[in-house]
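All remarks here apply to the structure that follows.
Heavy atoms only: backbone and side chains are in, while hydrogens, waters and symmetry mates are out.
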Amino acid sequence: MAIYLLGGIVVLAVIYSFLSGPSVIRLVHQAKQDGDPSPILEVAKDLSPARRSYFFQQAIDILWRSYERELATKVLREFVTLHPDEKICQYWLQQALELEGRTARKVLGSEFLDNYYRPDVAATCGIASS
């Protein structure tokens, strides 16, 4: 019985740690109002790598789905810089280049794309890849 209680406490602690963090929705809303990704980027830099990766993925997805593609691409740039080996970064780079090529090339720049974009990896990615 004690093992189940301990397991339940651990699960609650993990859930609490994710829920008590900064609100991605609030930060995305602020970034959209200001036209500036700084609120998202400032909070992200203080998160652990695993939480930061998930945080970036959420922020990019919300921005992308609300057609704030330039802001999403600016956040993506920071995400890729901090997590270059994550396949999800390649997925988002490919999305940005295929769906918003002009914006993506303007925001990211050719040097950044040469250094970070790997089309061969991106071709194997889906949104659930990591």
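When side chains are defined from C-beta on, F79 does not count as touching R52, because their heavy atoms never get closer than 4.5 Å. Side-chain contact between W64 and W92 is present, with heavy atoms from C-beta onward closer than 4.5 Å. Within the 4.5 Å cutoff, the side chain of L108 has no heavy atoms near those of the Y117 side chain. For the pair R51/D46, no side-chain contact is recorded, criterion being any heavy-atom separation below 4.5 Å from C-beta on.
The number of heavy-atom neighbours closer than 6.0 Å to CD of E111, taken from other residues, nucleotides and ligands shown, is 12 or below.
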Please assess F56 against L41 for the test side chain to side chain contact (heavy atoms under 4.5 Å, CB included), listing each intermediate value before the final yes or no. CA-CA 9 Å; F56 273 132; L41 303 180; 3.9 Å; yes
Worked check of side chain to side chain contact (heavy atoms under 4.5 Å, CB included) between K32 and S66: CA-CA 10 Å; K32 285 167 61 173; S66 63; 3.4 Å; yes
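Side chain to side chain, E100 and T73 fail the donor-acceptor criterion of an N or O pair below 3.5 Å.
Looking at every heavy atom in both residues, V107 comes nearest to R77 through O-NH1, 3.8 Å. Taking both residues in full, the closest heavy atoms of L97 and A104 are given as CD2-CB, 3.9 Å, listed atom of the first, atom of the second, then distance. Between V75 and A59, the shortest heavy-atom distance links the atoms CG1-CB, 4.5 Å. Closest heavy-atom contact between A96 and L76: CB-CD2, 4.3 Å. Residues A31 and I40 approach most closely at CB-CD1, 3.8 Å, considering heavy atoms. Closest non-hydrogen pair, Q94 versus A122, comes out as OE1-O, 3.0 Å.
Both L27 and L47 sit in one connected hydrophobic cluster of ILVMFWY residues. Membership requires side-chain heavy atoms under 4.5 Å apart, directly or through other members. In the hydrophobic clustering of ILVMFWY residues, with side-chain heavy atoms under 4.5 Å counting as a link, V121 and I60 come out apart.
Within the 3.5 Å criterion, the main-chain N or O of D36 finds no donor-acceptor partner in the side chain of D34. The closest donor-acceptor contact from the side chain of Q90 to the backbone of Y116 lies under 3.5 Å. Between the S53 side chain and the A50 main chain, no donor and acceptor come within less than 3.5 Å of each other. Checked by atom type and distance alone, the side chain of D61 never pairs as donor or acceptor with a backbone atom of Q57 at under 3.5 Å.
Between atom CD1 of residue I25 and atom CD of residue Q58 there is a gap of 8.0 Å, rounded to the nearest 0.5 Å. Of the inter-residue distances, the one linking D85 atom CG with H83 atom NE2 reads 10.5 Å to the nearest 0.5 angstrom. One finds the CD atom of Q30 at 7.5 Å from the CD atom of Q33 (value rounded to the nearest 0.5 Å). The NE2 atom of H29 sits 12.5 Å away from the CD1 atom of I62 when rounded to the nearest 0.5 Å.
Taking 4.0 Å as the cut-off between side-chain N and carboxylate O, K74 and E78 do not count as a salt-bridged pair.
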